[in-house]
Protein chains: 2
Amino acid sequence: MLVDRFDLKILEQLQRDDSVSIAQLAEKVGLSVTPCWRRIQRLEKEGVIEKRIAVLNPGKLDLGLTVFVMIKTDKHSQAWLDAFQDVVQSFPEIMEVNRLAGEFDYLLKVITRDNAAYDAFYKRLIARIELSNVTSCFSMEQVKKTTELPLDQR
Amino acid sequence: MLVDRFDLKILEQLQRDDSVSIAQLAEKVGLSVTPCWRRIQRLEKEGVIEKRIAVLNPGKLDLGLTVFVMIKTDKHSQAWLDAFQDVVQSFPEIMEVNRLAGEFDYLLKVITRDNAAYDAFYKRLIARIELSNVTSCFSMEQVKKTTELPLDQR
DNA sequence: CCAGAAGGGCCAGCAATGCTGACCCTTTAT
DNA sequence: ATAAAGGGTCAGCATTGCTGGCCCTTCTGG
């Protein structure tokens, strides 16, 4: 199975705005309603569309602080790795964790209310797992933020 | 205006799954349909709910490479800042840009198809704006990824 | 103590949308 | 030449979205 140009147009629209009716969507992508709807069904079934969600405004919810945490470890056992996985999953403040190639082992993106909340988080984190080096980079300003994948670059 | 416990329950549900009917949502949060619907309207009007979108699977769309780019600059004029803003906005591969406090000035999150596509992106980027130091950190594995804000931490 | 405001519950009802099946037609591939 | 894939159109039912109206309880301030 592959994703053709119609699919891409549908996905582009839906990842930007999910609140349109299928009739409107069909018109935008140049299909009639039925095949458009069938494609959406297929894309959902195949997992190309993972979920439909509401995007909230962190600022209005008193979650104004974003911190990137760079982590080095000297433990490279499977046991440590499993433990680390469990720990990061259990913290809702941790939005994203990537294992990196290069100087740092992990990069975490953390969202909290403020400095005090971050500090509390940090203490809880290092109490749960041993990390040989932790560098916190505070975000001063979100210059760009998008949830839209670059589908035109495929 | 503030966000009360009912609002939080509604937001928690919606940021997880937007595809439920209001009737189902109302039942989950312990409200009847009408007040639940009115709250959603209010949350949208006030911008707490920013948008409704479909989340796509990058892997199934041949967008398997995530790279974090750390940037230092020695230009700190308003003109450079404006130019930088324009440049990052114009690259769809750049998903997120944060201005940092500390050693690095900016952290970019970039999504591309593969190594070759990233390299092409990198060349286009440095051709567009002068950067004194650029460090690319390749993500080997996405250990955690969530779109759900930690509302219980408020 | 009373009055008013806020907000939830209930109900009714129309309009719009979601969703499905059936059938036809064109294009493409074997 | 034939079959399969996929788009177009249409019909139609069920569900949902959305709105207004009304009542009741709770809370708050005079």
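Chain naming here is simple, since letters A, B, ... match the order of the sequence lines and numbering starts at 1 in each.
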Candidate nucleotides [options], ranked by approach to the side chain of [X] - the nearest:
X       : options               : value
B:Arg39 : C:dC10, C:dG7, C:dT17 : C:dG7
B:Phe6  : C:dT20, C:dG8, C:dC10 : C:dG8
B:Leu31 : C:dG21, C:dG8, C:dG18 : C:dG8
B:Trp37 : C:dG18, D:dC18, C:dG8 : D:dC18
A:Pro35 : D:dG7, C:dG18, C:dT20 : D:dG7

Nearest-Å distance, [atom1] ([X]) to [atom2] ([N])?
X       : N      : atom1 : atom2 : result
A:Arg42 : D:dA5  : CZ    : P     : 13 Å
B:Glu27 : C:dG9  : CD    : C1'   : 15 Å
A:Lys9  : D:dG7  : NZ    : P     : 14 Å
B:Arg52 : C:dT17 : CZ    : P     : 15 Å
A:Asp18 : D:dG17 : CG    : P     : 13 Å

Quiz item: Do A:Leu56 and B:Leu151 come within less than 4.5 Å of each other through their side chains, counting heavy atoms only?
Solution: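 Sidechains of B:Leu151 and A:Leu56: in contact.
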Self-check item: Pair B:Tyr118 and B:Phe138, ring centroids less than 6.0 Å apart
Solution: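 That pair passes the under 6.0 Å test.
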Exercise. Output yes when a side-chain donor or acceptor of B:Lys9 lies under 3.5 Å from a complementary backbone atom of B:Gly30, and no otherwise.
Key: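 No, the answer is negative, given that no donor and acceptor are paired below the 3.5 Å cut-off.
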Quiz item: Which residue, B:Asp4 or A:Gln24, contacts DNA chain C at a nucleotide closer to its 5' end, judged by nearest heavy atom?
Solution: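 Looking at the nearest nucleotide for each, B:Asp4 comes out on the 5' side.
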Quiz item: Taking the nucleotide of DNA chain C with the closest heavy atom to each, which residue, A:Ile22 or A:Arg38, is nearer the 5' end?
Solution: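 Of the two residues, A:Ile22 wins.
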Quiz prompt | Ring geometry between A:Phe84 and A:Trp80 (parallel below 30°, tilted from 30 to 60°, perpendicular above 60°) | solution =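 Correct class here is parallel.
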Self-check item: Closest-nucleotide 5' rank along DNA chain D - winner of B:Val33 and A:Val33
Solution: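 Result: A:Val33.
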